[in-house]
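Okay, structure first, notes after.
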Amino acid sequence: LMNYEFFLSKEDHRSYSLLKYLEESSNLAEPILKIQEELSLSTFLLKKTIENLNYDIETLGLNQHLKIQTTGTEVSLEIF
């Protein structure tokens with residue numbers, strides 16, 4: 001099975017990695033610090049990735065189905 005992730009830009013790869021990471025977590029949420037550590041993201045890059053991902057979700061018309069939410073010390077994937 002071929003891995004096509006290398007075709008993605010750095011920004012898209014970060015977005016894909018974050019979405020996949022949250023989707024695979026048991027309660028669709030993880031602490032910010034754990035995400036930063038696991039995905040090697042600075043606070044700035046994590047914030048920017050969440051913004052980009054939510055923009056893409058909205059642009060694709062998927063915001064009625066899912067959203068990346070930050071609450072306090074946690075990031076979660078909300079699926080409606």
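The environment of CZ in F44 is sparse: at most 12 heavy-atom neighbours from other residues, nucleotides or ligands sit within 6.0 Å. Around atom CD of E58, no more than 12 heavy atoms belonging to other residues, nucleotides or ligands sit under 6.0 Å away. Dense packing is recorded around CZ of F80, with more than 12 heavy atoms of other residues, nucleotides or ligands lying under 6.0 Å away.
Cluster membership for L60 and Y55, using ILVMFWY side-chain heavy atoms within less than 4.5 angstrom, is not shared.
Between L22 atom CG and S17 atom OG the span is 11.0 Å, to the nearest 0.5 Å. The structure places CZ of R14 at 5.0 Å from OG1 of T49, a figure rounded to the nearest 0.5 Å. The CD1 atom of I79 lies 5.0 Å from the CG atom of L28; values are rounded to the nearest 0.5 Å. Interatomic distance, CD1 of I50 versus CD1 of I35, reported as 6.5 Å (0.5 Å rounding).
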For residues 61-72, tabulate all N or O donor-acceptor pairs below 3.5 Å that involve a side-chain atom, not counting sequence neighbours.
residue : atom : partner : partner atom : Å
K67     : NZ   : Q69     : OE1          : 3.3

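A parallel orientation is assigned to the rings of F7 and Y4, their planes being inclined by less than 30° (bins at 30° and 60°).
Every pair passing salt bridge (Lys or Arg N to Asp or Glu O under 4.0 Å) that includes a residue from residues 24-37 is listed here, sequence neighbours excluded: E30-K34.
N52 approaches S15 most closely through the heavy-atom pair CB-OG, 4.3 Å. Taking both residues in full, the closest heavy atoms of A29 and N27 are given as O-OD1, 2.9 Å, listed atom of the first, atom of the second, then distance.
Looking at residues two or more places apart in sequence or on another chain, you find no side chain to side chain donor-acceptor pair (under 3.5 Å) involving E74. Every residue was checked against the salt bridge (Lys or Arg N to Asp or Glu O under 4.0 Å) condition with K48, not counting sequence neighbours, and none meets it. For T43, the side chain to side chain contact (heavy atoms under 4.5 Å, CB included) criterion is met by Q36, not counting sequence neighbours.
L39 is not listed as a side-chain neighbour of L45, based on a closest heavy-atom distance of 4.5 Å or more.
Within the hydrophobic cluster formed by Ile, Leu, Val, Met, Phe, Trp and Tyr side chains joined at under 4.5 Å, directly or through other members, L33 stands alone, with no partner residue.
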